[in-house]
Amino acid sequence: MLNDKLSDFVEAPVTYTVRTDEKPVTKTVGPGGRLRESKGSYQPHQVKLYNGRPMTNELSLDKNGFILLNEPTQVSNFWDTEQITGCYYRESEQLILKMTGAQDVLIFDHTLRSQDPQQQENHFAREPVSMVHNDYTAWSGPQRVRDLLPKDKAEARLEKRVSIIQVWRPIRGPVEAWPLAFCLPQSVQKEDLIASERRHPNRVGEIYLLSYNPEHQWVYFPKMTTDEVLLFRCYESLTDGRVRFTAHTSFDDPGTPKGASPRESIELRALVFY
């Protein structure tokens, strides 16, 4: 739960999903998957979001689901796809291996995000996600392995421990608008999770949305720079008490200065094999 060191916070609305008898569905359409058609009911709730920087050195993926690291990059232009899939993929792979102790890492996609409409148009960038969610479920985590690997290799991998890790970095800093926030996993109950179908042009996936619970506790890291990265766990195959899912969202920070630079970031997703 919340660290005793945390006292600085902001209050802001975050968007939750209203549980109904109908399963929420999101369909990805348009170039780069930027456009979405959604079916579901959503509602904002005012919450306290604590500055998590005082607890940075105490964070772990197993206990908290996320860690903040100072990791400068050699990438000079994140709008250059070759630099991302070459240099940045290699950097991130080595970082994940170092921080997890895994045997193998497969980075399988990345997403650029920007609030700038011109960047969205020029680079198929997407807007920051403003809904509480986790990228995979107990079903879609293993299914992603089956989607990406040959059948025999996928099943062999799934006989051992598998995680899905996301690497999140600002590509324009410091972040002044719509920072990323995490709901502490220990404050999330199983009943809070709502499986939501994600329909892509070539496959069907599933994510967890969250229903509101006043016991949820929130942490974020203000003014992140381009030298900082967040690693967080979106799926964990082990069920031994370590964090399996890490709910997160961006939010409209009331401390955002007038004329602030638009939020721009990159996120990588990786299968992590042990």
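Bear in mind that the values here come from a model prediction, so they are computed numbers and not experimental data.
- Salt-bridge annotation for Glu93 and Lys98: absent, with no side-chain N of the basic residue lying under 4.0 Å from a carboxylate O of the acidic one.
- Remark: the backbone N or O of Leu210 is not paired with any side-chain donor or acceptor of His133 at under 3.5 angstrom.
- Surrounding CG of Asn202 are more than 12 heavy atoms belonging to other residues, nucleotides or ligands, all under 6.0 Å away.
- A salt bridge does not link Arg53 to Asp8: none of the charged nitrogens lies less than 4.0 Å from a carboxylate oxygen.
- In this structure a side-chain-to-backbone donor-acceptor pair under 3.5 Å is present from Gln83 to Ser76.
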From CA spacing to verdict: salt bridge (Lys or Arg N to Asp or Glu O under 4.0 Å), Glu197, Arg199: CA-CA 6 Å; Glu197 191 172 292; Arg199 297 177 184 171; 2.5 Å; yes
Should Arg169 and Asp227 be marked as a salt bridge (Lys or Arg N to Asp or Glu O under 4.0 Å) after you check the CA-CA gap, both sets of side-chain angles, and the distance that decides it? CA-CA 8 Å; Arg169 181 190 294 269; Asp227 285 342; 5.1 Å; no
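- Under the ring pair (Phe, Tyr, Trp, His ring centres under 6.0 Å) rule, Phe182 has a single partner from Tyr220, Tyr50, Trp218, Phe232, which is Phe232.
- A distance-only check finds a donor-acceptor pair linking the side chain of Gln186 to the backbone of Lys63 [under 3.5 Å].
- No more than 12 heavy atoms of other residues, nucleotides or ligands shown are found within 6.0 angstrom of CD on Gln74.
- In summary, the side chains of Ser265 and Arg263 do present a donor paired with an acceptor at a separation below 3.5 Å, with no hydrogens or angles considered.
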Kindly determine whether Arg172 and Thr226 satisfy side-chain contact (heavy atoms from CB on, under 4.5 Å), including the steps that lead there. CA-CA 6 Å; Arg172 181 175 187 169; Thr226 56; 5.5 Å; no
Ile164/Leu271 under side-chain contact (heavy atoms from CB on, under 4.5 Å): CA gap, chis, key distance, verdict: CA-CA 5 Å; Ile164 300 180; Leu271 299 179; 3.7 Å; yes
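- In this structure, Thr137 contributes its side chain and Ser140 its backbone to a donor-acceptor pair below 3.5 Å.
- Ser163 places no side-chain N or O within 3.5 Å of a backbone atom of Ile165 that could act as its donor or acceptor partner.
- Put simply, the residue from Arg161, Arg244, Arg242 that forms a side-chain hydrogen bond (donor to acceptor under 3.5 Å, both in side chains) with Glu236 is Arg161.
- Counting all heavy atoms, side chain and backbone alike, Leu230 lies closest to Leu180 at CD1-CD2, 4.1 Å.
- Each of Leu95, Asp109, Ile107, Ile96 was checked for a side-chain contact (heavy atoms from CB on, under 4.5 Å) with Leu268, and the lone residue meeting it is Ile107.
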Under the side-chain contact (heavy atoms from CB on, under 4.5 Å) criterion, do Val132 and Leu209 qualify, and how do the steps go? CA-CA 6 Å; Val132 184; Leu209 300 174; over 6 Å; no
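- Heavy-atom minimum distance, Pro142 versus Tyr235: CG-OH, 3.3 Å.
- In this structure, Asn51 CG and Leu6 CG are separated by 7.5 Å, a value rounded to the nearest 0.5 Å.
- Without hydrogens or angle criteria, Arg113 side chain to Glu127 main chain gives a donor-acceptor distance under 3.5 Å.
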One pair to check against ring pair (Phe, Tyr, Trp, His ring centres under 6.0 Å): Tyr16 and His216. What are the steps and the verdict? CA-CA 11 Å; Tyr16 284 93; His216 288 168; 5.6 Å; yes
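- Exactly one residue among Arg233, Arg198, Arg269 makes a salt bridge (charged side-chain N to carboxylate O under 4.0 Å, His left out) with Asp135. That residue is Arg269.
- At least one donor-acceptor pair closer than 3.5 Å links the side chain of Ser237 to the backbone N or O of Val162.
- Between the side chain of Gln217 and the backbone N or O of Cys183, no donor-acceptor pair lies under 3.5 Å.
- For Asp116 (side chain) and Gln118 (main-chain N/O), a donor-acceptor pair under 3.5 Å exists by modelled atom type.
- Nearest heavy-atom pair across Phe245 and Ala138 is CZ-N, 3.8 Å.
- Across Arg19 and Ser211, no two heavy atoms sit closer than the pair NH2-OG, 4.2 Å.
- Counted by atom type alone, Thr256 and Glu176 present zero donor-acceptor pairs between their side chains at under 3.5 Å.
- Under a 3.5 Å cut-off, the side chain of Asp192 and the backbone N or O of Gln189 do form a donor-acceptor pair.
- Just one of Tyr89, Tyr88, Phe124, Phe78 meets the ring pair (Phe, Tyr, Trp, His ring centres under 6.0 Å) condition when paired with His110; it is Tyr89.
- The minimum heavy-atom distance linking Cys234 with Asn134 is given by the pair O-ND2, 2.8 Å.
- Annotation for Val243 and Gly65: closest pair CG1-CA, 3.7 Å, computed over non-hydrogen atoms.
- Side-chain polar atoms of Gln120 and Ser114 form no donor-acceptor pair below 3.5 angstrom.
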Evaluate the salt bridge (Lys or Arg N to Asp or Glu O under 4.0 Å) criterion for residues Glu155 and Arg146: first the C-alpha distance (whole Å), next the side-chain angles of each, then the deciding distance (0.1 Å), finally the verdict. CA-CA 7 Å; Glu155 297 308 319; Arg146 296 184 175 104; 2.8 Å; yes
